[in-house]
Protein chains: 2
Amino acid sequence: MNNENTNQYENLYILINQTWLGINSVVRKALKNAGLTHINPAYIGILLCLWREYGLEESLAKLGTVDGMKIIDLGRCAGLEPSSMTGLIDRMERAGLVKREDDIHDRRVCRICLTQKGLSIRSDVIKIVYNVMQNSFSEVDKKSYDNFIRVLYTILDKTSKKRE
Amino acid sequence: MNNENTNQYENLYILINQTWLGINSVVRKALKNAGLTHINPAYIGILLCLWREYGLEESLAKLGTVDGMKIIDLGRCAGLEPSSMTGLIDRMERAGLVKREDDIHDRRVCRICLTQKGLSIRSDVIKIVYNVMQNSFSEVDKKSYDNFIRVLYTILDKTSKKRE
DNA sequence: TCAGTATATTACTTATACGTATTATTGTCA
DNA sequence: TGACAATAATACGTATAAGTAATATACTGA
């Protein structure tokens, strides 16, 4: 490695870190300002996975009709290790957003299901995240935005937890 | 907000989170594999700030000639709140990388100085971060890369902790 | 069938980061 | 000068995330 040619990759690492901290900080404050004090940023990834199961309509009637998801699959979906999930699901359960239910077919498995509360905050939470992200990207044109997403997926693939 | 026009901003939030977790995970493992078990990812941002003070040469002789930095400025540099800094500096001090010294002119201030150990690991750590980032971006062309950096700075400016 | 392997989750420890409150200084201005 | 605001760092509690080890269950092949 020569000093003139490093492209400051080490600074890029910090830049990504700072950017993520900044966005997350704004989301945290937006949730608080909206009065959603029991919703933490880390819940959002999990909730999005679960909400997807319920399709587009916000029908509370569907609550009983959906099987829920395994903790390990939720973790994969949110990019988290299994060991990170236990505490997260604990907190979400304590906040009344989800509940653990037994899996009939596999007694090792918890099925994580939304509660009525977890389903009903859906549009509020998505609106908040939407507003934060829209504001963050308000000065980024469509082409740069699309490119940005593509690069994120490329990096995600390279650093995916699948490989060691 | 209408459903067809959200551009999946909520998913972007999760995508950025996952990407950051992925990169950080790879850096953590790379540090471990290199035998730098006492270096944690969070140290890197702080070390980069301090190393910058010492110019390009890695001269240990400069150790006594530099004033060190205030904790609050290091925090600004790394994008961290003051309250996040105390513990981080504690751990870095325990790892023998930095030390707190009194400020002659202002008794409220700690000056954080590199130790010999903190200075000597410089090229190893930068090399590791460089390798991880280069691999992460290996399939991203120059133009996309430059655009990516620009977008990060734009977002960082929008979400900067300066504003409330 | 049963021994060994794989899978799902949890328990425990540590690191990371923030918010709030507190303490100790420094700076300001009436 | 002396009250009051501003600044720097810390203490404490909580959330977030990982690694390692343990436990329980399921699967698989001889």
Side-chain angles (χ1 to χ4, degrees), chain A residues 14 17-18 20-33 37-46 68-76 78-95 97 100-112 159 161 164, chain B residues 14 17-18 20-29 31-33 37-46 68-76 78-95 97 100-112 161 164:
Chain A
I14 306 305
N17 187 0
Q18 285 185 34
W20 168 241
L21 288 177
I23 289 177
N24 210 27
S25 169
V26 175
V27 167
R28 195 183 305 114
K29 283 166 188 161
L31 287 168
K32 186 180 173 186
N33 290 341
T37 51
H38 53 295
I39 314 294
N40 295 324
Y43 300 175
I44 296 175
I46 306 303
M69 287 181 69
K70 284 163 51 171
I71 285 187
I72 200 162
D73 289 333
L74 280 171
R76 255 189 283 270
L80 298 173
E81 296 295 324
S83 64
S84 307
M85 291 299 297
T86 303
L88 183 53
I89 297 298
D90 285 348
R91 289 189 295 277
M92 292 182 71
E93 205 168 16
R94 211 183 310 142
L97 301 170
R100 284 173 167 90
E101 288 183 0
D102 294 338
D103 185 295
I104 307 167
H105 308 294
D106 188 337
R107 287 169 55 194
R108 293 170 304 181
V109 173
C110 287
R111 304 214 71 90
I112 305 303
T159 59
K161 309 259 177 88
E164 191 62 18
Chain B
I14 304 306
N17 186 3
Q18 285 185 36
W20 168 241
L21 288 177
I23 290 177
N24 209 28
S25 169
V26 175
V27 167
R28 195 183 304 115
K29 283 166 189 162
L31 287 167
K32 186 179 173 186
N33 290 341
T37 50
H38 51 296
I39 314 295
N40 294 323
Y43 300 174
I44 296 175
I46 306 302
M69 287 181 69
K70 286 165 48 172
I71 285 186
I72 199 162
D73 289 335
L74 280 171
R76 257 189 283 271
L80 298 174
E81 298 294 325
S83 64
S84 308
M85 291 300 296
T86 302
L88 182 54
I89 297 298
D90 285 347
R91 289 188 295 277
M92 292 181 73
E93 206 169 15
R94 212 183 308 143
L97 302 170
R100 286 172 167 89
E101 287 184 0
D102 293 338
D103 185 295
I104 308 168
H105 308 294
D106 188 338
R107 288 170 52 193
R108 293 170 302 182
V109 172
C110 285
R111 305 214 70 89
I112 305 303
K161 309 263 177 87
E164 194 60 17

Self-check item: Listed partners of A:Arg28 passing side chain to side chain donor-acceptor pair (under 3.5 Å), at least two apart
Solution: none
Quiz prompt | Under the side chain to side chain donor-acceptor pair (under 3.5 Å) test, residues paired with A:Arg91 that sit two or more places apart | solution = none
Self-check item: Sidechain-backbone polar pair: A:Asp102 side chain, A:Ile104 backbone, donor-acceptor under 3.5 Å
Solution: no
Exercise. Give a yes/no answer on whether the side chain of A:Lys32 brings an N or O atom under 4.0 Å of OP1 or OP2 in D:dA15.
Key: no
Quiz prompt | Interatomic distance where NE2 belongs to B:His38 and P belongs to C:dT14 [whole Å] | solution = 18 Å
Self-check item: Distance, rounded to the nearest Å, where B:Ile112 contributes CD1 and D:dT10 contributes P
Solution: 7 Å
Quiz item: For B:Arg28 and D:dT20, what is the distance between atoms CZ and P respectively, to the nearest whole Å?
Solution: 11 Å
Self-check item: Interatomic distance where CD1 belongs to B:Ile39 and P belongs to C:dA15 [whole Å]
Solution: 13 Å
Quiz item: If you round to the nearest 0.5 Å, how far is CD1 of B:Ile46 from CE of B:Met92?
Solution: 6.0 Å
Exercise. Write down the distance between CG (B:Leu97) and P (C:dA15), rounded to a whole number of angstrom.
Key: 13 Å
Quiz prompt | Residue whose nearest DNA chain D nucleotide is more 5′ - A:Arg94 or A:His105 | solution = A:Arg94
Practice problem: Go through the structure and list residues passing side chain to side chain donor-acceptor pair (under 3.5 Å) with A:Glu101, not counting sequence neighbours. | Solution: none
Exercise. Return the value, rounded to whole Å, for the distance between atom CG of A:Asp103 and atom C1' of D:dA26.
Key: 12 Å
Practice problem: Compare side-chain N and O positions of B:Arg107 against OP1 and OP2 of C:dA24 and report whether any pair is under 4.0 Å apart. | Solution: no
Exercise. Please check the phosphate of D:dA17 (OP1 and OP2 only) for any side-chain N or O of B:Asn24 closer than 4.0 Å.
Key: no
Practice problem: Please work out if B:Arg91 contacts a base, only the sugar-phosphate, or nothing of the nucleic acid, heavy-atom cut-off 4.0 Å. | Solution: base
Exercise. Go through the structure and list residues passing side chain to side chain donor-acceptor pair (under 3.5 Å) with A:Arg100, not counting sequence neighbours.
Key: A:Asp90, A:Glu93
Self-check item: Rounded distance (Å) that lies between atom C1' of D:dA26 and atom CD1 of A:Ile104
Solution: 17 Å
Quiz prompt | Protein-to-nucleotide contact annotation, 5' to 3' order, nucleotides 3-11 of chain C [B base; S sugar-phosphate only; - none; under 4.0 Å, heavy atom] | solution = ---BBSBBB
Practice problem: Considering just the side-chain nitrogens and oxygens of B:Ser84, establish if one lies under 4.0 Å of OP1 or OP2 belonging to C:dC18. | Solution: yes
Self-check item: Spacing of A:Leu21 atom CG relative to D:dA15 atom P, expressed in whole Å
Solution: 19 Å
Quiz prompt | Any residue meeting side chain to side chain contact (heavy atoms under 4.5 Å, CB included) with B:Ile14, in chain and number order, not counting sequence neighbours | solution = A:Ile44, A:Leu48, B:Gln18
